[in-house]
Amino acid sequence: AASSATVWCRKSWRGVTRTPARAARATTWMARMESPPDSKKLSCTPTRSTRSTSAQMAATAKPDGYTIGAVWSGPLTASPHSQPVQYTPDDYVPVVQFSKAPFVLCPAPDFPAATGAELVANIKQNPDKYSYGHEGVGGTLHLGAERVFQALGLTVRAVPFKGATETANNFLGGHITFYAGGIASILPHAKAGKAKCLLLTSAANNPLFPQAVGLDALGVGRMETVFWRAIVVPKGTPPEIVAKLEQSFLKASQHPKFL
């Protein structure tokens, strides 16, 4: 999948976002909103590269605080386990996390289950009968969903698609039993009564889906998988620089445009 690498340049500070596909647009936007106050003087244009190349570039940058990465969870957590990348999560130092959200599993309104527990019971009684769509083989959602299914003793057929929107469209068209993916792509359809979301990949519940249960309620909270966005720097960046960047981004996060 293609990645977006948006570069901000200034003599004393440079920020680089390393994010693929749809996640890139949201992460780039959030990173722009949360960029340090003095970054208004930036004048670089966006570039594009592959996901693994982008993350590798961020990992191998000079650890002096002048290059930072605005990333989402997939390239740092899933890709090292499913792709031949040349980096590991240990090649980065986290600075600040600026969003976190669970994935959600949703059947059609007429599916014979009204709660997360009933959903799990139905799937367990019908192994390999149902299918779910995900955003790509070996991605964060795919790996996270399989961890949950394995922990609960469930067998569900996985069908890969090119992103959450395509997954949602195929779910609404009746080609798969369950939508599995990010909240944003299914929330309008859930509000319209076209989906009922019953299971979250987070340990806790989420107020956006009062019907859905988190994994704690099912006794497998340790299998939590969430989608997050964060600011990272290369390993070896001095602690005092990491702390300064953290304070700058935390301050920027209070700006009305970000809130």
Side-chain angles (χ1 to χ4, degrees), residues 19 22-23 26-27 30 71-82 88-90 92-107 111 113-125 127 130-156 158 163-164 167-168 171 177-187 189-191 195-232 246 250 253:
T19 55
R22 177 169 179 167
T27 306
M30 295 185 80
V71 300
W72 71 286
S73 48
L76 298 194
T77 59
S79 294
H81 299 288
S82 59
T88 73
D90 293 334
Y92 304 88
V93 175
V95 177
V96 65
Q97 182 184 84
F98 51 93
S99 75
K100 182 176 77 170
F103 296 106
V104 64
L105 189 74
C106 313
F111 188 85
T115 66
E118 291 179 5
L119 175 69
V120 170
N122 189 310
I123 296 174
K124 187 171 291 188
Q125 292 169 6
Y130 303 122
S131 60
Y132 78 98
H134 61 77
E135 301 173 3
V137 175
T140 304
L141 170 59
H142 184 206
L143 298 180
E146 292 299 327
R147 288 201 324 149
V148 173
F149 293 151
Q150 184 178 51
L152 294 172
L154 310 179
T155 304
V156 188
T167 303
F171 164 72
T177 315
F178 305 121
Y179 166 86
I183 289 175
S185 294
I186 199 63
L187 184 57
H189 306 298
K191 288 182 175 179
K196 57 180 179 182
C197 300
L198 300 177
L199 183 63
L200 301 167
T201 62
S202 57
N205 293 355
N206 189 295
L208 288 176
F209 296 107
Q211 284 183 292
V213 297
L215 299 180
D216 275 343
L218 300 174
V220 291
R222 68 188 185 284
M223 295 299 171
E224 176 182 67
T225 298
V226 295
F227 176 98
W228 50 256
R229 296 183 177 92
I231 300 296
V232 299
E246 178 186 14
L250 288 175
S253 70

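Below, each value reflects all heavy atoms present in this structure, side chains not excepted, and no hydrogens, waters or symmetry copies. Treat the numbers as computed from the prediction; the structure is a model and nothing was measured.
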Using the side-chain contact (heavy atoms from CB on, under 4.5 Å) criterion, which residues pair with A101? Sequence neighbours excluded. none
Listed pairs under 3.5 Å, donor-acceptor, residues 133-142 side chains, sequence neighbours left out:
unit_1, atom_1, unit_2, atom_2, d
H134, ND1, G136, N, 3.0
H134, ND1, G136, O, 3.2
H142, ND1, G138, N, 2.9

Do the non-hydrogen side-chain atoms of C197 and Q211 ever get within less than 4.5 Å of each other? no
Residues passing the ring pair (Phe, Tyr, Trp, His ring centres under 6.0 Å) test with F178, sequence neighbours excluded, are F111, Y130
Return yes when atom CD of Q150 has more than 12 non-hydrogen atoms of other residues, nucleotides or ligands closer than 6.0 Å, and no otherwise. no
For L154 against V120, the heavy-atom pair lying closest together: CD2-O, 3.6 Å
Apply the test side chain to side chain contact (heavy atoms under 4.5 Å, CB included) to residues L208 and V104: give CA-CA distance (whole Å), side-chain angles for both, the deciding distance (0.1 Å), then the verdict. CA-CA 11 Å; L208 288 176; V104 64; over 6 Å; no
Mind checking side-chain contact (heavy atoms from CB on, under 4.5 Å) for H189 and listing every partner two or more places apart, or none if nothing turns up? L172, I186, K194
Residues G221 and A203: closest non-hydrogen pair is O-CB, 3.9 Å
S131 side chain to T177 backbone, donor-acceptor under 3.5 Å: yes
Using every non-hydrogen atom in the two residues, find where A190 and F209 come nearest and quote the distance to one decimal. CB-CE2, 3.9 Å
Taking the side chain as everything from C-beta on, heavy atoms only, tell me whether V226 gets closer than 4.5 Å to S73. no
Can you pull the side-chain hydrogen bond (donor to acceptor under 3.5 Å, both in side chains) pairs that have at least one residue in residues 212-228, sequence neighbours excluded? R147-T225
Taking only residues two or more places apart in sequence, or in another chain, which ones meet V213 in a side-chain contact (heavy atoms from CB on, under 4.5 Å)? L199, N205, A217, L218
Would you please name every residue forming a side-chain contact (heavy atoms from CB on, under 4.5 Å) with E246, sequence neighbours left out? V95, L250
For the atom pair CD (Q97) and CD1 (I231), what is the distance rounded to the nearest 0.5 Å? 11.0 Å
To the nearest 0.5 Å, what is the distance between CD1 on I123 and CG on L105? 6.0 Å
What residues, two or more places apart in sequence or in another chain, satisfy side-chain hydrogen bond (donor to acceptor under 3.5 Å, both in side chains) together with E146? Y132
Straight-line distance of L143 CG to T77 OG1, nearest 0.5 Å: 8.0 Å
What do the steps show when you test N206 against I183 for side chain to side chain contact (heavy atoms under 4.5 Å, CB included), and what is the final call? CA-CA 10 Å; N206 189 295; I183 289 175; 4.1 Å; yes
